[in-house]
Amino acid sequence: MGPKRSVPSGSKSAPKKRRRVMNLKEKVELLDMLRSGKTAAAVGRHYCINESTVRHIKKKEKEIREAIAAAAPTTAKYLHKPRDPNLSRVESATFFWVLDCYKKGIPVDSGIIREKAKSLYDFLKENEGEGSTSADFQASKGWFENFKKRFSLCSVKVMGEAASADQETASIGQEAAREFPETPKKLIEEKGSIQLLPFKLDCRDVPEVNVLERSFSVHKAHSVKDMENIFQLVRNVIPPLTTKKHKGQDGRIGIVGGCQEYTGAPYFAAISALKLGADLSHVFCTKDAAPVIKSYSPELIVHPVLDSPHTDEEVAKWLPRLHTIVIGPGLGRNDTLLENAKGIIEKSKVRGIPVVIDADGLWLIAQQPSLIQGYQRAILTPNYMEFSRLYETMFRTSVDSNDNHRCVLRLSQALGNLTVVQKGEKDIISDGEKVLVCSHEGSSRRCGGQGDLLSGSLGVLAHWAFLAGPEKTNGFPYVKTSY
């Protein structure tokens, strides 16, 4: 093999060719051409795409034509399907299994994790019987990469003595598997719930691995000492008053909520953000709620777009100007409003905007946990009933009222280490690593609107902490200092 050709100095590589994405209308035209008798190669040349792409579209013909028949927009470039609920359950169970292995010092690599997820999914499908609508799940490399991001797993190199020690631990797990061949099926027959699996498996079924190059663990742990003076951390992030700043620099907060029935909640959230120290508060509400909210205070900027057919476009114009979004106060449970709120959450995630979710926003998350799962710039603020709903969605079991601390920790971990603030007589706060309890006495009344004041305030504090950076928060991510 001859030597590689040298690249002349100063030369620039050709720009990478941009991948072409066809919309549904073009794909249907392509499929019609194939039906008319043209070859895949000829069709590929016509559309300037690879023959393999043509064959891939041909495999998806049924789904494409069903999407068109269901009145999907022909300009859409991707087919969107509801997420398999079994897959969400399997991912949560797999995450807890990885967590259990990590705590016991048992290393697991990507192959082991994928095999575990595949076996759990296959069992769930088998358990549903002949009427199962679950699709085949392959636990591919692509799925694993998304799983890592969703649950914020980080890879750790295993080298030298540590590697041999980890392999020794793995061999101990294999011996335990031979001694106690307890299968997932047996466990579920005894307990009747897949959700018990993460706490019963004990990593006894870890497959044999001769060489472990990489293992996966959860977030880096912080010492308890770092969490002792939360009030000082909060003081650190409050921006100083100075004449050098411009309008909006100390916080532009967006409140998504407000419908005909509920106009007070978005007002309380928006005005509390201003009174805490934000410069501007925007309220994105329905058309009939806008005049009422405007009449409460001239300080609020009100956008009557939440029930518009173009809500996504209208709100997207403002997202680059906003520092934090608060979703839920006065949102209601109208399907159209919830769907529009979902789109706003997705767009906020793409831009990396901190999101505080409260009230009916939590109802939306309880219906679709994957919408926010793994997004660590999210803060959930449930009361006891909202927390119970979220917990039962994730674990298919009720909250253990005798161990609220552990329940809040578990929920945060299952959602990918989001910050969860459970409101109550004592507020319980967790980021999936530590649990904080705020026993500072508040109002003895439990009237409506107090949670809205909290969500608006948290929106401001989240922005301030992010702006302050790790040097003022002792290295903690900003969501951990927003209490």
Side-chain angles (χ1 to χ4, degrees), residues 227 230-231 233-239 250-258 265-284 300 322-331 341 344-345 348-349 352-362 364-365 372 375-384 386-387 390 408 411-412 415 417-424 426-432 434-438 440 442-443 448-468 472-473 476-483:
M227 305 294 284
I230 298 300
F231 285 119
L233 292 177
V234 174
R235 293 188 192 101
N236 289 347
V237 304
I238 297 175
D250 280 343
R252 298 185 294 271
I253 312 302
I255 312 296
V256 178
Y267 163 76
F268 285 135
I271 205 69
S272 67
L274 289 177
K275 290 186 179 298
L276 187 66
D279 291 339
L280 298 169
S281 270
H282 296 255
V283 178
F284 299 90
L300 306 182
L322 300 178
H323 294 124
T324 312
I325 290 286
V326 179
I327 307 274
L331 179 63
I344 295 170
I345 291 174
S348 300
K349 286 164 58 181
I353 299 174
V355 178
V356 179
I357 302 182
D358 186 36
D360 288 319
L362 294 170
L364 173 62
I365 300 303
I372 204 70
Y375 186 62
Q376 293 188 342
R377 291 189 175 183
I379 304 172
L380 309 187
T381 60
N383 58 28
Y384 185 80
E386 291 162 342
F387 180 84
L390 286 167
V408 175
L411 180 62
S412 175
L415 289 171
N417 286 66
L418 308 186
T419 298
V420 177
V421 182
Q422 186 197 45
K423 300 175 290 191
K426 293 182 179 180
D427 298 327
I428 303 174
I429 307 154
S430 180
D431 61 354
K434 296 286 184 277
V435 177
L436 298 176
V437 178
C438 177
H440 188 76
S443 170
Q450 294 182 23
D452 305 311
L453 299 176
L454 173 66
S455 62
S457 301
L458 280 179
V460 183
L461 289 168
H463 165 58
W464 286 350
F466 183 69
L467 196 63
K472 289 189 178 181
T473 58
F476 284 94
Y478 75 93
V479 293
K480 297 178 185 175
T481 63
S482 56
Y483 311 140

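Since this is a predicted model, take the numbers as computed values, not measurements.
- When side chains are defined from C-beta on, Leu390 does not count as touching Glu386, because their heavy atoms never get closer than 4.5 Å.
- Considering only heavy atoms from C-beta on, Ser281 stays 4.5 Å or farther from Ile271 through its side chain.
- Applying the side chain to side chain contact (heavy atoms under 4.5 Å, CB included) test to Asp250 and every residue at least two apart in sequence or in another chain returns Pro239, Lys245, Asp279, Trp464.
- Sorted by first and then second residue, the salt bridge (Lys or Arg N to Asp or Glu O under 4.0 Å) pairs with a member in residues 352-361 read Arg333-Asp360, Asp358-Lys423; sequence neighbours excluded.
- In terms of heavy-atom proximity, His323 sits nearest to Pro354 at O-CD, 3.2 Å.
- Distance check: Lys349 NZ to Ile372 CD1 gives 5.5 Å after rounding to the nearest 0.5 Å.
- A distance-only check finds a donor-acceptor pair linking the side chain of Ser412 to the backbone of Gly432 [under 3.5 Å].
- To the nearest 0.5 Å, the span separating CG on Leu380 from CZ on Phe387 amounts to 10.0 Å.
- Atom CZ of Arg377 and atom CG of Leu418 lie 13.5 Å apart (nearest 0.5 Å).
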For Thr381 and Val356: C-alpha separation, side-chain torsions, deciding distance, then whether side-chain contact (heavy atoms from CB on, under 4.5 Å) applies.
CA-CA 8 Å; Thr381 60; Val356 179; 4.3 Å; yes
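- The side chain to side chain contact (heavy atoms under 4.5 Å, CB included) test applied to Ala278 returns Ile253, Ala273, Val460, not counting sequence neighbours.
- Between Gly258 and Pro266, the shortest heavy-atom distance links the atoms CA-CG, 3.6 Å.
- When all heavy atoms of Pro382 and Leu362 are compared, the closest pair comes out as CA-CD1, 3.4 Å.
- Taking Pro329 as the reference, Ile255, Ala265, Ala269, Val326, Asp452, Ser455 meet the side chain to side chain contact (heavy atoms under 4.5 Å, CB included) condition, with sequence neighbours excluded.
- The CD atom of Gln422 sits 11.0 Å away from atom OG of Ser430, with the distance rounded to the nearest 0.5 Å.
- Here the side chains of Asn417 and Asp431 are not in contact, with every heavy-atom distance at 4.5 Å or above.
- Applying the side chain to side chain contact (heavy atoms under 4.5 Å, CB included) rule to Lys426 yields the partners Val437, Ser439; only residues at least two apart in sequence or on another chain are considered.
- Under the 4.5 Å side-chain criterion, counting only non-hydrogen atoms from C-beta, Leu461 is in contact with Leu276.
- Here the NE2-CG distance, from His463 to Leu322, works out to 11.0 Å after rounding to the nearest 0.5 Å.
- Separation of atoms CG (Leu280) and CG (Leu300) is listed at 10.5 Å; rounding is to 0.5 Å.
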Stepwise side-chain contact (heavy atoms from CB on, under 4.5 Å) test for Ile429 and Val421:
CA-CA 4 Å; Ile429 307 154; Val421 182; 4.0 Å; yes
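- Looking only at side-chain heavy atoms (C-beta outward), Leu364 and Ile327 stay at 4.5 Å or farther from each other.
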